[in-house]
Amino acid sequence: APESLHASFAAALPEAMWVPMPETPTGNLSLEGRALVAEKLARATALLAGPGLGTERESHLLVTEILKDFSGPAILDADALRPEVVRAIPSPERLVLTPHAGEFSRLAGDEASAGPRAYSAARGGPTVVLKGPNTRAASPHREVVNLSGGPLLARGGSGDLLAGVIGSLAARPAFAEHLFAASALGVLWHGRA
């Protein structure tokens with residue numbers, strides 16, 4: 001959490017382990033915090049980035065640099081879903097991208113109309129979870145459509161929760177090599193809940 005918010009976050013949720021991070025003048029995460037995160041990565045089995053990250057370029061650079069240092073499964077959501085971040089990852093097959101339609105258009109550009117499976121195949125195999133009325137999980141060789149859920153899932157923060165569910169599954173050794181399965185199961189659980 002940004003240094004200025006650390007105390008209030010820790011007081012609100014004391015059971016979580018919070019790390020105060022250097023921040024930019026506008027209160028976003030600073031690239032200066034890379035070494036601090038690198039220390040923690042040795043114990044991490046999965047990484048989730050994006051919810052609450054903000055749109056500042058320095059924070060996006062921080063995520064890009066962290067992802068270069070981390071070789072495990074990584075889930076990118078919300079503000080981490082930037083073309084320049086995704087393109088910089090040396091092994092896209094270990095990524096799960098969780099965009100809604102607008103974020104997917106930003107990622108895929110003119111190719112968005114081809115859909116998440118075609119995007120995955122063209123980009124080296126990340127799993128794409130395209131959130132919408134019927135959320136789709138896609139990889140280069142398969143795609144599933146989830147029919148559970150409803151309009152309540154369109155609320156702000158619901159996608160953050162989905163990314164967390166997928167991230168918790170990807171952190172398990174049984175799913176670390178099966179990100180499509182972790183994503184499809186996460187989407188199903190999220191919709192059913």
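With sequence neighbours left out, Trp189 forms a ring-ring contact (aromatic ring centres under 6.0 Å, His included) with no residue at all. The salt bridge (Lys or Arg N to Asp or Glu O under 4.0 Å) check on Glu103 picks up nothing, with sequence neighbours excluded. By the salt bridge (Lys or Arg N to Asp or Glu O under 4.0 Å) test, Glu65 is found to be paired with Arg34, Lys68, residues two or more places apart in sequence or in another chain being considered.
A donor-acceptor pair under 3.5 Å is absent between the side-chain atoms of Thr98 and the main chain of Val128, judged by distance alone. Side-chain atoms of Ser59 come within 3.5 Å of backbone N or O of Leu29 as a donor-acceptor pair. The main-chain N or O of Ala171 is found under 3.5 Å from a side-chain atom of Thr45 such that the two form a donor-acceptor pair. With Arg117 contributing its side chain and Glu143 its backbone, the two residues share no donor-acceptor pair below 3.5 Å. Of the possible donor and acceptor atoms, one in the side chain of Ser183 sits under 3.5 Å from a partner among the backbone N and O of Leu179. Counting only distance, with no hydrogens or angles, the side chain of Glu93 and the backbone of Pro126 share no donor-acceptor pair below 3.5 Å. Not one N or O on the side chain of Arg192 forms a donor-acceptor pair closer than 3.5 Å with the backbone of Ser148. In terms of modelled atom types and a separation under 3.5 Å, the side chain of His60 and the main chain of Asp79 share a donor-acceptor contact.
The hydrophobic clustering, which links ILVMFWY residues whose side-chain heavy atoms are closer than 4.5 Å, places Val165 and Leu47 apart. Taken together through direct or relayed side-chain contacts under 4.5 Å among Ile, Leu, Val, Met, Phe, Trp and Tyr, Leu81 and Leu62 form part of one hydrophobic cluster. Tracing side-chain contacts under 4.5 Å through hydrophobic residues (I, L, V, M, F, W, Y), one never reaches Leu48 starting from Trp18; they form parts of separate clusters. Hydrophobic clustering, with ILVMFWY side chains joined whenever heavy atoms are under 4.5 angstrom apart, keeps Leu147 apart from Leu188.
In this pair, Tyr119 and Phe104 present their aromatic rings perpendicular. The plane angle is above 60°, beyond the 30 to 60° band.
Inter-residue side-chain proximity for Leu41 and Asp69 is flagged as met; some heavy-atom pair is nearer than 4.5 Å. Asn134 places none of its side-chain heavy atoms less than 4.5 Å from the side chain of Asn146. With contacts defined as side-chain heavy-atom distances shorter than 4.5 Å, the pair Phe175/Leu185 qualifies. Residues Thr135 and Leu130 form no side-chain contact, since every pair of their non-hydrogen atoms from C-beta on lies 4.5 Å or further apart. When side chains are defined from C-beta on, Val96 does not count as touching Phe180, because their heavy atoms never get closer than 4.5 Å. Side-chain atoms of Leu97 and Val129, non-hydrogen and from C-beta on, never get closer than 4.5 Å to each other.
Taking CG from Asp77 and CG from Leu53, the interatomic distance works out to 10.5 Å, rounded to the nearest 0.5 Å. From Leu161, atom CG reaches atom CG of Leu153 across 9.0 Å, with rounding to the nearest 0.5 Å. If you take CZ on Arg87 and CZ on Arg123, they are separated by 8.0 Å, rounding to the nearest 0.5 Å. Distance CG/Asp110 to OG/Ser105: 10.0 Å, rounded to 0.5 Å. Between atom CG of residue Leu162 and atom CD1 of residue Ile166 there is a gap of 4.0 Å, rounded to the nearest 0.5 Å. Considering CZ of Arg94 and OG of Ser71, their distance stands at 6.5 Å, rounded to 0.5 Å.
With no hydrogens or angles considered, no side-chain donor-acceptor pair links Thr64 and Glu84 at under 3.5 Å. A donor atom on one side chain and an acceptor atom on the other are found under 3.5 Å apart for His190 and Ser158.
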**Study point:** Step-by-step side chain to side chain contact (heavy atoms under 4.5 Å, CB included) determination, Val19 to Lys40
**Key:** CA-CA 10 Å; Val19 177; Lys40 309 295 181 199; 3.8 Å; yes
Check your understanding: Which is it for Met21 and Ser30 under the side chain to side chain contact (heavy atoms under 4.5 Å, CB included) test, yes or no, and what are the steps along the way?
Key -> CA-CA 8 Å; Met21 293 281 291; Ser30 168; over 6 Å; no
Practice item. Report the C-alpha distance between Thr127 and Leu95 in whole Å, list the side-chain angles of each, state the deciding distance to 0.1 Å, and finish with yes or no for side chain to side chain contact (heavy atoms under 4.5 Å, CB included). Key: CA-CA 6 Å; Thr127 299; Leu95 295 178; over 6 Å; no
Practice item. Kindly indicate, with the supporting measurements, whether the criterion side chain to side chain contact (heavy atoms under 4.5 Å, CB included) is fulfilled by Val86 and Leu107. Key: CA-CA 8 Å; Val86 175; Leu107 279 176; 3.8 Å; yes
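Here the closest heavy-atom approach between residue Ala184 and residue Val144 is recorded as CB-CG2, 4.0 Å. The two residues Pro73 and Ala176 have their closest heavy-atom pair at CG-O, 3.9 Å. For the pair Ala49 and Ala80, the tightest heavy-atom approach, listed with the atom from each and the gap, is O-CB, 3.5 Å.
The existence of a salt bridge linking Asp160 and Arg155 is excluded, since no basic side-chain nitrogen approaches an acidic carboxylate oxygen closer than 4.0 Å.
Partner of Thr24 under the side chain to side chain donor-acceptor pair (under 3.5 Å) criterion, chosen from Glu58, Glu32, Arg57, Glu56: Glu56.
Under a cut-off of 6.0 angstrom, the local environment of CZ in Arg106 is crowded, with over 12 non-hydrogen atoms contributed by other residues, nucleotides or ligands.
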